[in-house]
Amino acid sequence: MYLLIAGVVLSLLKWLEFGVVAEWSWWWVLSPFALAAAWWAWADASGYTKRKAMERMEQKKKDRIDKQREALGIKPRRPSR
């Protein structure tokens with residue numbers, strides 16, 4: 001996400017010919033978009049995206065169970081080491 005924001009900002013600065021970015025080549029200005037595409041390709045191919053999604057789902061599940069236990073007056077489990 002940060003690479004996309006950087007790409008949009010740099011593109012806007014280049015298009016408006018603002019500051020030092022106006023002197024840069026378009027290749028340098030547009031490179032964050034290529035880096036973002038490479039990151040997404042790697043994240044999907046390596047399973048990073050799926051693993052992070054599963055971790056978020058597990059955390060939501062744990063939080064929901066802990067909230068229900070507190071409502072019943074049972075202390076939530078201590079985090080495992």
Side-chain angles (χ1 to χ4, degrees):
M1 186 65 163
Y2 297 116
L3 289 171
L4 286 180
I5 293 170
V8 169
V9 169
L10 288 174
S11 297
L12 185 62
L13 291 174
K14 176 72 172 173
W15 184 61
L16 295 174
E17 297 180 358
F18 185 79
V20 71
V21 179
E23 300 171 6
W24 293 358
S25 167
W26 275 104
W27 289 106
W28 288 109
V29 173
L30 298 177
S31 64
F33 293 115
L35 291 173
W39 165 256
W40 282 330
W42 173 83
D44 287 343
S46 69
Y48 178 81
T49 306
K50 190 68 159 174
R51 188 170 47 253
K52 287 296 180 181
M54 289 176 64
E55 287 174 5
R56 282 191 303 269
M57 285 185 352
E58 287 297 321
Q59 185 61 41
K60 283 182 184 180
K61 179 180 172 183
K62 182 187 173 302
D63 292 343
R64 187 174 57 245
I65 291 171
D66 287 345
K67 184 178 176 183
Q68 290 173 353
R69 286 178 187 239
E70 286 178 15
L72 291 172
I74 303 171
K75 291 186 180 181
R77 292 184 191 171
R78 288 182 28 195
S80 60
R81 295 180 188 193

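Owing to the predicted nature of the structure, the values given are computational and were not obtained by experimental measurement.
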J.: Measuring only between side-chain heavy atoms, which start at C-beta, is Phe33 closer than 4.5 Å to Leu3?
T.: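 No. Closest side-chain heavy atoms not under 4.5 Å.
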
J.: Please list all pairs meeting side chain to side chain donor-acceptor pair (under 3.5 Å) that have one or both residues in residues 26-43, counting only residues at least two apart or in different chains.
T.: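 Listed once each, the pairs would be none.
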
J.: Once rounded to the nearest 0.5 Å, what's the spacing between atom CE of Met1 and atom CD1 of Ile5?
T.: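 Separation between the atoms: 5.0 Å.
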
J.: Do Tyr2 and Leu35 sit in one hydrophobic cluster, given that two such residues count as connected whenever their side-chain heavy atoms are within less than 4.5 Å of each other, even indirectly?
T.: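 The answer is no; the residues belong to distinct hydrophobic clusters.
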
J.: Taking salt bridge (charged side-chain N to carboxylate O under 4.0 Å, His left out) as the test, write out the residues that go with Asp63, two or more places apart.
T.: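 Partners of Asp63 by the salt bridge (charged side-chain N to carboxylate O under 4.0 Å, His left out) criterion come out as none, since no residue qualifies.
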
J.: When hydrophobic residues are tied together by side-chain contacts of less than 4.5 Å, even through go-betweens, does Val29 share a cluster with Leu12?
T.: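 Val29 does not cluster with Leu12.
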
J.: Please answer: with hydrophobic residues joined when any side-chain heavy atoms are less than 4.5 Å apart, are Val9 and Trp15 in the same cluster?
T.: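 No, Val9 and Trp15 fall in different hydrophobic clusters.
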
J.: Run the ring pair (Phe, Tyr, Trp, His ring centres under 6.0 Å) test against Trp24 and tell me which residues pass, sequence neighbours left out.
T.: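 Here no residue qualifies.
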
J.: Any pair with a residue in residues 10-32 that passes salt bridge (charged side-chain N to carboxylate O under 4.0 Å, His left out), sequence neighbours left out, goes on the list, sorted by first then second residue, please.
T.: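 Sorted result for residues 10-32: empty, none.
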
J.: Applying salt bridge (charged side-chain N to carboxylate O under 4.0 Å, His left out) as the test, list every pair that has at least one member in residues 48-57; sequence neighbours left out.
T.: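 Qualifying pairs, neighbours excluded: Lys52-Glu55.
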
J.: So, using side chain to side chain donor-acceptor pair (under 3.5 Å) as the criterion, who are the partners of Ser11 when residues are at least two apart?
T.: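 Partners of Ser11 by the side chain to side chain donor-acceptor pair (under 3.5 Å) criterion come out as none, since no residue qualifies.
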
